[in-house]
Structure formats: structure tokens, C-alpha cells
Amino acid sequence: MVEMVNRPYAGAFEKYAVQHPEVLCLSADLTSSCEIDGFRDRHPDQFLSMGMAEQNMLSFAGGLGLSGFRPFIHTFGVFLYRRPYDQLMASVAYPRRKVRLMGFLPGITTPGGMTHQAIEDISIMRTIPNMTVLETGDATEVEGIVEAADSIDGPVYCRVLRGSVPRLFNSPLKVGQMRVLSEGTDVLVITAGITTEEAIRARGALDKAGVSVRHLHLSTLKPFNADAIVAHAASVKHGVITLENHLVAGGIGSMTAEALAEAGLAKKLIRLGLQDTYAHGGSRPYLMNYYGLDALALVRGIERLTGEKTGIDEGALDAVRVEAVHSAVKAEAL
């Protein structure tokens, strides 16, 4: 039974920030939705409400960084790069300010539809010079993301999970290190964020079907450890599958393709994720199934890669974990 942790970010941020007075908490009118409402109430001297004005917030944060503070900006991921892109580049990334961009609702973790789903954020953020990109995949990584982000000498963008989050790992997130979750020899599976839980759901059935899976979980997306990816890819028989909560263009699938191509490693690659489409609203399990980001999609991808049927259906996979779209730990449910 997977342990579920309610609002892990809230406790982790407060614990860290009160020990570091130079850390400031900035909110763009989504305070409760980003789990910092308690921090606002208990530590008003470290909290700034910037209102629904993201462009100003990014410029302001750059100024705070120049003044020796380390601002943590909290809003939905889409509002950290779509509206304020120019300010992100000029006030934060170019001068290498220590601004920590905490982006909630990555990919299809929200039923809010196109306006709230950050589905191209990795592709954009990884192309920005000086920017580090991190992603959380479970409660343990959410608990460690604050300290990890604040260790970066420069700006960092984080894809943060909120609400009720499963605990999959026992060790903290370490910048630059990937997790090797299984060491199979047939297929390399690379996941990050919520897709790691789906790959874990599939692995038991794949093992019973005789498919040996090497499974990597990424939490540092930039800098991307291309050498390690290539070494793992070279050690498997059939090839590589990436499964990501993002468009396949520009994300982990693209980064893996670049790594394989530049190393001259001829391995077949299948990229699973959003295929040149926006996602509509719906629950996470529904959207992951509809757009082919779930455990069954991974099984079908492995069948395409190996050319062999596994006989696995939904009933053979570990049970899907269904979350309430509206709950006490998901303020505004967006």
C-alpha cells in the first residue's frame, strides 16, 4: 500500500524558509492553491503578495535577487513563462539571479484545461541559458525540492506536485542524480514526475510476461545527464521508451533523442507523451489514459519496441490510484 502525504510542499517550505531569513515567499494570487497560505499567516515578514501580475513579479524577483534575497515564486507553472517570458529572460535568467520558480500543476495534473496545463514548460525552460530545471515525482522529492532548488547558483524552475502525493522513494532528491529503479536488460524506460508511478504500475506485469525493464527516474532535467542515458541505453537489447507528462517535442523524449544521436548510438526510441496536442479537462487517470501517458500505454509501447505481444491488459496492472478532483488538499481544484 502506497503511503499518501497531504500537502508535503507546505511543511517543507515553511521548515526551510524560517531557517533562512534571506528566503522570501512570493505569491501571484494563488496562495492557497500553492500551499503557502499557512506560511503567509504565520510569517508575514517573509511573504509578499504580488497579485495577478506575473510580469511585474518576475522583474521584482530579479531585483530582490540583486539585493541578496532568494525569492521563491509560487504560482501555476504556466504563469511563470507564458505571460512573463521577456521578464524571465531579462530580469532573472540573463543576470543569473537566484530566483526559485516553483511551478505547480505540471502537465495534465489539473482538470483546468489548456489555460492551466503546463505542457511545453520543459521545452521552453531547458533552452533558456543559466536555467536549471527540476521535477518532483513523489512526496519525498516534494519535501526535498525547496532545499534542492536553493542550492542552485542561479535561477531554477521546478515542476511541483501538490495536494495528496504518494511516497515512492525513501531517499531525498539530489540535483544531478537520476534514480535507477530497476536494472533490466531488454528495454530502457525513462520517466519523470507522475509518469514514474505509472511505470512502476506496469513493471510487475511486464516482469511476469518475461520483459526485463531497466527503469530510470529523472528529477534533474537540466542539466541533462546525456552520458548516463547513453550508457544505460547501450546496455539494453531492444531500445528506449520515454514516458513524460509533457509534449514529446522538446521534453525528455527530445533530450534522449539528442543524446543518442550525438553519441552515435543506434537504438530505437519511442516517445510517449502528448503528441502535438493540447489536453482537455478531466481527472488525471482519465487524461493519462486518453492521451497515452499511463501504464497500459507504456506496455503497448514496449510491445511496439520489441515486436512481441505481452498479453497484458488493464486488469494485469497494479491498481490505478484515483484522486478526488475536488478535495480539502486541492484548493480551487484547478
List the atom pairs, with distances to 0.1 Å, where a side-chain N or O of residues 83-94 and a protein N or O form a donor-acceptor pair under 3.5 Å, not counting sequence neighbours.
residue	atom	partner	partner atom	Å
R83	NH1	E54	OE1	3.1
R83	NH1	E54	OE2	3.2

Run the side-chain donor-acceptor check on residues 202-217: report pairs under 3.5 Å with partners two or more places apart or on a different chain.
residue	atom	partner	partner atom	Å
R203	NH1	H215	ND1	2.9
S212	OG	T185	N	2.9
R214	NE	G184	O	3.0
R214	NH1	H232	ND1	3.2
R214	NH1	S235	OG	3.4
H215	NE2	T191	OG1	2.8
H217	ND1	T196	OG1	2.6
H217	NE2	E141	OE1	3.0
H217	NE2	E141	OE2	3.1

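Applying the side-chain contact (heavy atoms from CB on, under 4.5 Å) test to R167 and every residue at least two apart in sequence or in another chain returns E3, V5, D138, A139, T140, E143. Listed by chain and residue number, H20 satisfy the ring-ring contact (aromatic ring centres under 6.0 Å, His included) test with Y16 (two or more places apart in sequence, or in another chain). Among residues two or more places apart in sequence or in another chain, the side-chain contact (heavy atoms from CB on, under 4.5 Å) test is passed with D227 by N225.
For the residue pair R179 / S171, a side-chain donor-acceptor distance below 3.5 Å is found, with atom types taken as modelled. Side-chain N/O atoms of E120 and Y81 include a donor and acceptor closer than 3.5 Å.
Of all heavy-atom pairs spanning T136 and V160, the tightest one is OG1-CA, 3.5 Å. Nearest heavy atom pair, residue I252 against residue A192, reads CD1-CB, 3.5 Å. Among all heavy-atom pairs drawn from H246 and G250, the shortest one is CE1-C, 4.4 Å. Counting all heavy atoms, side chain and backbone alike, L80 lies closest to M125 at O-CE, 4.0 Å. Pairing each heavy atom of S151 with each of R100, the nearest pair is N-NH2, 4.4 Å. Counting all heavy atoms, side chain and backbone alike, L298 lies closest to L272 at CA-CD1, 3.8 Å.
Looking at R162 and L105, their side chains come closer than 4.5 Å, going by heavy atoms from C-beta outward. Taking 4.5 Å as the limit, some side-chain heavy atom of H280 sits within range of a side-chain heavy atom of L287. Looking only at side-chain heavy atoms (C-beta outward), E197 and I194 stay at 4.5 Å or farther from each other. Using a 4.5 Å heavy-atom cutoff, the side chains of Y157 and I122 are not in contact. Side-chain contact between L30 and F79 is present, with heavy atoms from C-beta onward closer than 4.5 Å. With contacts defined as side-chain heavy-atom distances shorter than 4.5 Å, the pair L218/F224 qualifies. By the 4.5 Å heavy-atom criterion applied to side chains, P71 and V99 are counted as neighbours. Side-chain contact check for F13 versus M102: every heavy-atom pair is 4.5 Å or farther apart.
Each salt bridge (charged side-chain N to carboxylate O under 4.0 Å, His left out) pair with one or both residues in residues 255-275, not counting sequence neighbours, appears once here: R126-E258.
Environment of CG in D276: sparse, with no more than 12 heavy atoms of neighbouring residues, nucleotides or ligands closer than 6.0 Å. Within a 6.0 Å radius of CD in E183, no more than 12 heavy atoms belonging to other residues, nucleotides or ligands are found. The environment of E147 atom CD is sparse: at most 12 non-hydrogen atoms of other residues, nucleotides or ligands sit within 6.0 angstrom. Within a 6.0 Å radius of CZ in F69, no more than 12 heavy atoms belonging to other residues, nucleotides or ligands are found.
With rounding to the nearest 0.5 Å, the separation of CD in E244 from OG1 in T195 is 7.5 Å. Rounding to the nearest 0.5 Å gives a distance of 11.5 Å between CE of M131 and CD1 of I152. In this structure, the separation between SG on C34 and CZ on R40 is 12.0 Å, given to the nearest 0.5 Å. Of the inter-residue distances, the one linking I119 atom CD1 with T277 atom OG1 reads 7.5 Å to the nearest 0.5 angstrom. Put simply, CD on E22 and OG on S67 are 13.5 Å apart, with the number rounded to the nearest 0.5 Å. The CD1 atom of I200 lies 5.0 Å from the CG atom of L168; values are rounded to the nearest 0.5 Å.
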Residue pair T110, Q117: steps toward the side-chain hydrogen bond (donor to acceptor under 3.5 Å, both in side chains) verdict: CA-CA 7 Å; T110 169; Q117 292 165 338; 5.8 Å; no

S123 vs L247, side-chain contact (heavy atoms from CB on, under 4.5 Å): CA-CA, chis, key distance, verdict: CA-CA 8 Å; S123 62; L247 289 164; 5.9 Å; no

Step-by-step side-chain contact (heavy atoms from CB on, under 4.5 Å) determination, M57 to I73: CA-CA 8 Å; M57 179 174 65; I73 297 178; 3.2 Å; yes

Verdict with supporting geometry, N245 and T109, side-chain contact (heavy atoms from CB on, under 4.5 Å): CA-CA 9 Å; N245 177 30; T109 57; 3.8 Å; yes

F47 vs T31, side-chain contact (heavy atoms from CB on, under 4.5 Å): CA-CA, chis, key distance, verdict: CA-CA 10 Å; F47 179 84; T31 306; 3.8 Å; yes

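A salt bridge links D153 with R96; the closest basic N to acidic carboxylate O contact falls under 4.0 Å.
The backbone N or O of I124 lies less than 3.5 Å from no partner atom in the side chain of D121, so there is not a single donor-acceptor pair. Judged by distance alone, with hydrogens and angles left aside, the side-chain atoms of T220 form a donor-acceptor pair with the main-chain N or O of G176 at under 3.5 Å.
Transitive grouping of hydrophobic side chains (ILVMFWY, heavy atoms separated by less than 4.5 Å) keeps V248 and Y291 in distinct clusters. Two different hydrophobic clusters hold L64 and L66 under the rule that ILVMFWY side chains link at heavy-atom gaps under 4.5 Å. Taking hydrophobic clusters as Ile, Leu, Val, Met, Phe, Trp and Tyr residues chained together by side-chain heavy-atom distances below 4.5 Å, M52 does not share a cluster with L48.
Using bins of under 30°, 30° to 60° and over 60° for the plane-to-plane angle, the ring pair F104/H74 lands in the tilted bin.
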